[in-house]
Amino acid sequence: MHEAELLLGILVATLRAATPLMLAGFGELITERSGVLNLGVEGMMLMGAACGFIGTMLSGSLLVGFIVAMIAGAALALLFGVLTLTLMSNQVATGLALTIFGIGFSALVGVKWVGTPLAGLASSIWPHLSKAPPLVQQLMLIDPVVWIALLVPVAASWFIYRTRAGLILRAVGESHDVAHALGYSVLRIRYLAVLFGGAMSGLGGAYLSLSYTPMWTENMVAGRGWIAVALVVFSTWKPLWLALGALLFGLVTIAQFQAEGLGLDVSPNLLAMLPYLATVAVLVLISRDATRLKLNAPAALGRPFHATA
């Protein structure tokens, strides 16, 4: 029974750690499939985490908190869209500025809420969670947002490869000029993709502050937004590979806690570095095969679209 509890605990912890990466990663995947490169995922996740927490505390409803977080993420994405799609500013520079803005503004709006405790999502759904048997407790920690994150890869794969809308999205990402010549509104499609990416990033951030570690602290996303962007490249823009990558990084993330629980004599600082070291290692390995990246990346990724009559 002890081994079963350990394995189930590792599985549940991996799923929970992978959830924010999965949500934000798929938001960025859809955005990049439309030909837009948004490097502001970290900032949008932080705004989602802060606004979702504040929304929950003011309304008393976790559902309201998650909705507010998605709106906050989408609002920041809309700002990015106006700057890059309408005003045609540089997407890389604007995305980096968006992250800096998100870090600063989330700290500003959340300053009075730092360290405030909150009943997490699982505890709210199951008020008597602490009294349940250990195995049942682990299963109950798989909350609805985790299930949503597990369904997202299937839904995204179906949408991208099996629907007409997904075909149009890919067409815009591959050649916006051709898509425009065929009568499709490139800017409208890209705006919708950018807004979806922002909402998913906001949801991923809210999961951190409302369920994973139910409280608000400054910069609590701790680089997960950058890992989500890296996962899109790691997956070569393919949904199922992105899901596997998120689960892998989720497993690496919890390694420090499992190592401490097993009594391994390893520096906690080294273990805390593992997700970021793994990100760098994966990107180095992928970048060695430049041909593979070029073949799979959307051809119009990062290129501004100039509408013609």
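All of these numbers come straight from a predicted model, not from anything done at the bench.
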Indicate yes or no: at least one non-hydrogen side-chain atom of [X] is less than 4.5 angstrom from one of [Y].
X    : Y    : value
P239 : W158 : no
V146 : I148 : no
N219 : E42  : yes
Y191 : V82  : yes
L15  : L247 : yes

Write down the atom of [X], the atom of [Y], and the distance for their closest heavy-atom approach.
X    : Y   : result
S201 : V41 : OG-CG1, 3.6 Å
L187 : L85 : CD2-O, 3.7 Å
G65  : T56 : CA-OG1, 3.2 Å
G40  : T99 : CA-OG1, 3.2 Å
A206 : A69 : CB-CB, 3.3 Å
G302 : Q91 : CA-OE1, 3.2 Å

Let's go through T84 and S89 carefully: what are the C-alpha distance in whole Å and the side-chain angles of both, what is the deciding distance for side chain to side chain donor-acceptor pair (under 3.5 Å) to 0.1 Å, and is it a yes or a no? CA-CA 5 Å; T84 59; S89 64; 5.5 Å; no
Say you draw a straight line from [atom1] of [X] to [atom2] of [Y]; how long is it, rounded to the nearest 0.5 Å?
X    : Y    : atom1 : atom2 : value
L208 : W216 : CG    : CH2   : 10.0 Å
F26  : F159 : CZ    : CZ    : 13.0 Å
S235 : L240 : OG    : CG    : 10.0 Å
T94  : L39  : OG1   : CG    : 9.5 Å
T236 : W241 : OG1   : CH2   : 8.0 Å
M45  : I103 : CE    : CD1   : 12.0 Å

Please answer whether the main-chain N or O of A49 pairs with a side-chain N or O of S209 as donor and acceptor at a distance below 3.5 Å.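 Pair found, side chain donor or acceptor close to backbone of A49.
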Side-chain donor/acceptor of S157 to backbone N/O of P153, under 3.5 Å: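 Looks like no, no N/O pair under 3.5 Å.
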Result block: side-chain N/O donor-acceptor pairs under 3.5 angstrom for residues 165-177, not counting sequence neighbours:
| from | atom 1 | to | atom 2 | distance (Å) |
| --- | --- | --- | --- | --- |
| R170 | NE | I160 | O | 2.9 |
| R170 | NH2 | I160 | O | 3.3 |
| E174 | OE1 | A299 | N | 3.4 |
| S175 | OG | V178 | N | 3.4 |
| H176 | ND1 | R190 | NH1 | 3.4 |
| H176 | ND1 | R190 | NH2 | 3.0 |

Applying a strict under-4.5 Å side-chain criterion to I, L, V, M, F, W and Y, I'd like to know whether [X] and [Y] cluster together.
X    : Y    : value
L98  : L301 : yes
L210 : V114 : yes
I189 : M88  : no
Y207 : V68  : no
L11  : W147 : yes

Could you give me the CA-CA distance, side-chain angles and deciding distance for L242 and L29, then say whether side chain to side chain contact (heavy atoms under 4.5 Å, CB included) is met? CA-CA 9 Å; L242 194 156; L29 176 68; 4.0 Å; yes
Pair M200-F196, side chain to side chain contact (heavy atoms under 4.5 Å, CB included): steps then yes or no: CA-CA 6 Å; M200 291 295 285; F196 175 79; 3.6 Å; yes
Scan residues 34-54 for pairs that pass ring pair (Phe, Tyr, Trp, His ring centres under 6.0 Å), counting only residues two or more places apart or in two chains.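 Pairs touching residues 34-54 that pass the test: none.
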Could you name each residue pair satisfying ring pair (Phe, Tyr, Trp, His ring centres under 6.0 Å) that touches residues 56-101, not counting sequence neighbours?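 As it turns out, the ring pair (Phe, Tyr, Trp, His ring centres under 6.0 Å) pairs with a partner in residues 56-101, which skip direct neighbours, are F101-F105.
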Under the side chain to side chain contact (heavy atoms under 4.5 Å, CB included) criterion, do M44 and L46 qualify, and how do the steps go? CA-CA 5 Å; M44 294 185 296; L46 277 166; over 6 Å; no
Pairwise side chain to side chain donor-acceptor pair (under 3.5 Å) hits with a residue in residues 29-40, at least two apart: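 Only E32-W237, R33-Y161 qualify under side chain to side chain donor-acceptor pair (under 3.5 Å).
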Counterpart residues, salt bridge (charged side-chain N to carboxylate O under 4.0 Å, His left out), relative to R16 (two or more places apart):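 Expected list: D143.
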Name every donor-acceptor pair, under 3.5 Å, that has one atom in a side chain of residues 221-232 and the other anywhere in the protein, sequence neighbours excluded.
| from | atom 1 | to | atom 2 | distance (Å) |
| --- | --- | --- | --- | --- |
| R224 | NH1 | M220 | O | 3.4 |
| R224 | NH1 | V221 | O | 3.0 |

